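Throughout, a chain's letter reflects where its sequence line sits, starting with A, and its residues are numbered from 1. Just so you know, these numbers use all the heavy atoms, side chains as well, and skip hydrogens, waters and symmetry mates. Since the structure is predicted, the reported quantities are computational estimates derived from the model, not experimental observations.
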Amino acid sequence: MDKKQIAKTLEAIADMMEIRGENPFKCIAHRNAARTLETTEGSLEELIESGRLRELKGIGESIANKIIEMYRTDRSTTYEELRAEIPEGVLEMLTLTGVGPKKAKALWEQLGIKSIGELEYACNENRLVTLPGFGQKTQEKILQAIAFQKKQAGRFLCNVAWEAATVLLDHLRKHKEVIRSEIGGSLRRRRETIGDIDLLASSDAPEALMKHFIKSPGIAEVLAHGATKSSVRMEQGIQVDLRIITDEEFPFALNYFTGSKDHNTALRGRAKKMGFKLNEYGLFHGASERSEKCRDETAIYKRLGLDYIEPELREVMGEIEAAENGTLPHLVEEKDIKGLVHVHSTDSDGVLSVEQVAKAAQKRGYEYVALCDHSKSAAYAHGLSPERVRAQHKAIDKLNKSAPGIRILKGMEVDILGDGSLDFEDKILATFEVVVASIHSRFNLSREEQTKRLLRAVANPHVHMIGHPTGRLLLSRDGYDVDLDALIDAAARHHKIIELNAHPFRLDLDWRYCIRAQRKGVLVSINPDAHSEADMDYVRYGVGIARKGWCEPSGVANAAPLDKFLRLLKK
DNA sequence: GCCGTTTTCGGCCCGACTGTTTTCAGTCG
C-alpha cells in the first residue's frame, strides 16, 4: 500500500474502533497518525528503512508497526479483524450528517441495520423513533441526509476530476497518432463539481490511438471500446469518455462537447439565423455538405460574428451578447495572482511552520503570503490566544528581517461569533495587516439572523474580507442560509473584499454570485485556505471559479502587487 | 495509542447545539 492507502486504512480503523466504543483517545491517535502520514513529504520506503517513521509526531510503536505491516504485506491484521466484526455499510452510515459512531452502533446492533439503504427503509417504516436516544426529529434528519447524499451521488470534486483527466491526457499525448487533444465538458468550463469527463482528440489513425488510450494508467474498467468513442471508469469511480475525430472536425467537436447545453443551443440558434447549420462535425452554409473551414474555436465564433468566448463563460450568463458587443472580460489567469492569502500554519491547524509556509509560497513565485491562522474560539483548530498572536507576530517580524524573498503578512482568520461580533477585541485586531472574518459555528441561524451577523462583521473597520461566505462543503453540506446579495451590497458600501475560497471542497463565493459582486465593484480575493504545501496549488481551482465569475485581474485583490494590495486593504 | 523542560502516568480540544431527556449523550466544527 502507498501512503494514501495506509492513511485511509488508519482512518477506517479509527472509525471502527469508535463504533466498538474503544477509548476515544486511541481513536484520535489513529486519526492523527493518518493525517501526519498524508501530509508528510518524502517517500514512505525511506522513512521505514531509515527507522525515521517513529520520529513523526503522533506515530509511536504500535501505529508504526501497523504502517510497516501495510507497507510490506499490503494488508492490516487490525483492519481485517475489525472488518470481520463490523459490516462495511455500517461504516458508510458515518458519512451521513447526524450519524456518528454511537448512533451507527445502535442502529446496527438494535435494529440490525447494515447499510444506508436499509437505514432509509427503516426510517420510512418509522422504526427509528422507538430506539432509545432517537426520536421523530432524528429520523427526519437522517432521511434528509440520505436524500442529500443521493442527490450528490456520482458527482466528483473538480480537483479529483482534474487530476484524473490530466493523467489520461498526458498518456494520450504520448502517442504519435494524436494531432490535437483537449479536455471538454463541464471540466473545461471549470464547474465546481463534475459528473463525468469528456476528452477529445483528433487523429488519422483512431483505432490505434483508442487502443493506446484504454491502456492508460488508473483505469479500473473499460465500459465501451470503439474506433470513435470509448468509455472507461477510473479507479476513483469517475467515468471518462474519449471521442476521436478528424482534425478538421476537432474545433467543432470541442465546441459541441464543451457546452454548456444552453450555450450550444444559443449558438446553434444564432447560426441558423445567419443561414448556417452548426453541429459537432462542422458549420454548414445553406444546404452545403461541406463545412466552413475553421482552424480553431476562435474561427467558429468569428464566423458567427462573435469574439472568442472562453469556456468558463459558456453558461448563458450574457456571454453571447457581450461577445457580440466586444465587451467580454479579459479573464484573470493563474499567473496574475501575486500573493497567497489565507494560509494556516502549525500555530493553529496547518502542517507547515511559519517559515515553511513562507518558503513554499516563495518557491511558487508569490510576492507575499498572508498567514491567517484561527482565532481563540476555534478550539477544535487550536485557535490562537492574544499571547500566541503576539508570539507569532514576533516570529514573522524576525523572518521578514531575514529577507526570505517574500513578504510575510500578519493575517488572521478571525471567527465571527453568533451575534456578529468578532473573536478578538479591536485593539488586537488592529495589529493584523490582513483580517479575514469567517463563520465556523451556529450554521443554522435563520436567514435574517445569519445575514445580520455577517453584515455586522462587514461593518467592523478592522475586517478586510469575509471568508468562505456561505460555509458550504461541496457534495457534503449546503452552506448556511444567508442573503448573499445583501452581503455583496454591504461589502460594496464598506469597500470590503469577499473571499473566493479556492479549496475544492468549498469554492465559495459561488461563481454566480461572483458575477454579481464584480458588477457591483466588489473585489474578490482568491485564497487557497491552505493547511499544507500541496493545498497552495488550490489557487488554480479558485482561478477557474473566478473566471466563471467574469473576474478580470483588476477585480481580484490578490492579483495586485504587494503595495497595491496593502492600499486596497486600507481603503 | 501518543507524548513529555510539570516527563513514564495521566492528560489528550472544547464549547455549543440538537434532540433527547428530566440532567445529558451524541455530533459537529
Side-chain angles (χ1 to χ4, degrees), chain A residues 10-11 13-37 53-69 76 78-79 82 93-108 110 128-145 344 346-349 373-385 388 413-419 423 438-446 449-450 453 467-468 470-473 476-480 501 503 505-506 508 529 531:
Chain A
L10 286 173
E11 290 273 4
I13 289 173
D15 282 341
M16 291 189 283
M17 283 178 165
E18 273 196 308
I19 290 174
R20 286 196 55 186
E22 295 199 23
N23 178 354
F25 296 110
K26 194 168 152 182
C27 307
I28 290 171
H30 280 81
R31 275 187 222 289
N32 288 341
R35 204 171 121 92
T36 305
L37 205 59
L53 187 60
R54 286 280 317 265
E55 288 173 22
L56 297 179
K57 200 169 148 53
I59 297 179
E61 196 187 346
S62 161
I63 293 184
N65 285 338
K66 284 174 190 153
I67 292 172
I68 292 169
E69 185 197 4
S76 163
T78 315
Y79 174 81
L82 286 163
M93 296 194 313
L94 298 179
T95 63
L96 296 167
T97 348
V99 179
K102 301 289 162 61
K103 288 216 164 77
K105 183 186 166 92
L107 290 164
W108 168 43
Q110 296 180 49
L128 264 58
V129 289
T130 53
L131 214 55
F134 288 69
Q136 195 66 46
K137 283 266 177 76
T138 315
Q139 184 170 277
E140 276 166 26
K141 275 183 88 171
I142 289 175
L143 268 179
Q144 267 173 24
H344 294 271
T346 43
D347 285 350
S348 66
D349 59 349
D373 275 315
H374 287 280
S375 59
K376 64 176 193 291
S377 283
Y380 58 89
H382 202 223
L384 269 63
S385 64
R388 294 178 58 223
E413 183 181 18
V414 65
D415 263 45
I416 301 174
L417 305 179
D419 63 355
D423 196 23
S438 312
I439 285 181
H440 291 113
S441 61
R442 308 205 53 185
F443 293 159
N444 54 349
L445 292 182
S446 71
E449 283 176 300
Q450 203 68 276
R453 178 185 184 190
H468 46 71
T470 74
R472 73 176 178 189
L473 292 179
S476 72
R477 172 182 92 193
D478 282 332
Y480 34 79
N501 191 300
H503 199 294
F505 268 115
R506 296 189 183 271
D508 180 17
D529 199 351
H531 291 73

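At a threshold of 4.0 angstrom between heavy atoms, the contacts of A/R31 with the nucleic acid are absent. Within 4.0 Å (heavy atoms only), A/H30 reaches sugar-phosphate atoms of the nucleic acid but no base atom. Heavy atoms of A/P24 sit nowhere under 4.0 angstrom from any nucleic acid atom. Heavy atoms of A/I28 sit nowhere under 4.0 angstrom from any nucleic acid atom.
If you take OH of A/Y480 and C1' of B/dC28, they are 15 Å apart, rounded to a whole angstrom. As rounded to whole Å, 18 Å separates atom P of B/dT27 from atom CZ of A/F443. Atom CG of A/D415 is separated from atom C1' of B/dA16 by 12 Å (rounded to the nearest Å). Between A/L56 atom CG and B/dC2 atom P the separation is 12 Å, expressed in whole Å. The CG-C1' distance, from A/L96 to B/dC28, rounds to 15 Å in whole Å. Between the CD atom of A/E18 and the P atom of B/dT27 there is a distance of 9 Å, rounded to whole Å. Between A/Y79 atom OH and B/dG1 atom C1' the separation is 20 Å, expressed in whole Å. In this structure, the CD atom of A/Q144 is 14 Å from the C1' atom of B/dG19, given to the nearest Å.
Considering only the side chain of A/K137, B/dT20 comes nearest among B/dA16, B/dT20, B/dT27. Distances from the side chain of A/K102 to the nucleotides B/dG29, B/dC12, B/dT27 place B/dT27 closest. Which of B/dT27, B/dG29, B/dG19 sits closest to the side chain of A/K141 comes down to B/dG19. Comparing atom distances between the A/T138 side chain and each of B/dG19, B/dC12, B/dG29 picks out B/dG19 as nearest.
Separation of the P atoms belonging to B/dT6 and B/dC2 is 23 Å when rounded to the nearest angstrom. When the P atom is compared between B/dA16 and B/dT20, the two are found 22 Å apart, to the nearest whole Å. Look at the P atom in both B/dG26 and B/dT21: the space between them is 12 Å, to the nearest Å. For the C1' atom pair drawn from B/dC17 and B/dT23, the interatomic distance equals 16 Å after rounding to whole Å. Between B/dC13 and B/dC3, the distance separating the two C1' atoms is 16 Å to the nearest Å.
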Can you list, pair by pair, the side-chain donor-acceptor contacts under 3.5 Å of residues 53-68 of chain A, counting residues two or more places apart and other chains?
unit_1, atom_1, unit_2, atom_2, d
A/N65, ND2, A/E61, O, 3.4
A/K66, NZ, A/H30, NE2, 2.9

Can you list, pair by pair, the side-chain donor-acceptor contacts under 3.5 Å of residues 132-139 of chain A, counting residues two or more places apart and other chains?
unit_1, atom_1, unit_2, atom_2, d
A/T138, OG1, A/G135, N, 3.4
A/Q139, OE1, A/L128, N, 3.0
A/Q139, NE2, A/C123, O, 3.3
A/Q139, NE2, A/N126, OD1, 2.8

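Considering only side-chain N and O atoms, A/S441 lies nowhere under 4.0 angstrom from the phosphate OP1 or OP2 of B/dG29. The phosphate of B/dA16 has neither OP1 nor OP2 within less than 4.0 Å of any side-chain N or O from A/R442. Between B/dG15 and A/S377, no contact under 4.0 Å exists linking OP1 or OP2 to a side-chain N or O.
For A/L94 and A/A378, each mapped to the nucleotide of DNA chain B holding its nearest heavy atom, the one lying further toward the 5' end belongs to A/A378. If A/G98 and A/G135 are placed on DNA chain B by their nearest nucleotide, the residue sitting closer to the 5' end is A/G135.
Below the 3.5 angstrom threshold, one finds no donor paired with an acceptor across the side chain of A/N32 and the base of B/dG1.
In this structure, CG on A/D529 lies 4.5 Å from NE2 on A/H344, to the nearest 0.5 angstrom. Atoms CZ and OG1, from A/R477 and A/T97 in turn, are 9.0 Å apart once rounded to the nearest 0.5 Å.
A/S377 and A/D423 share a side-chain donor-acceptor pair at under 3.5 Å. Side-chain contact check for A/D349 and A/H382: no donor-acceptor pair (N or O, by modelled atom type) lies under 3.5 Å.
When both distances must be under 3.5 Å, the Watson-Crick or G-U wobble mate of B/dA25 is B/dT18.
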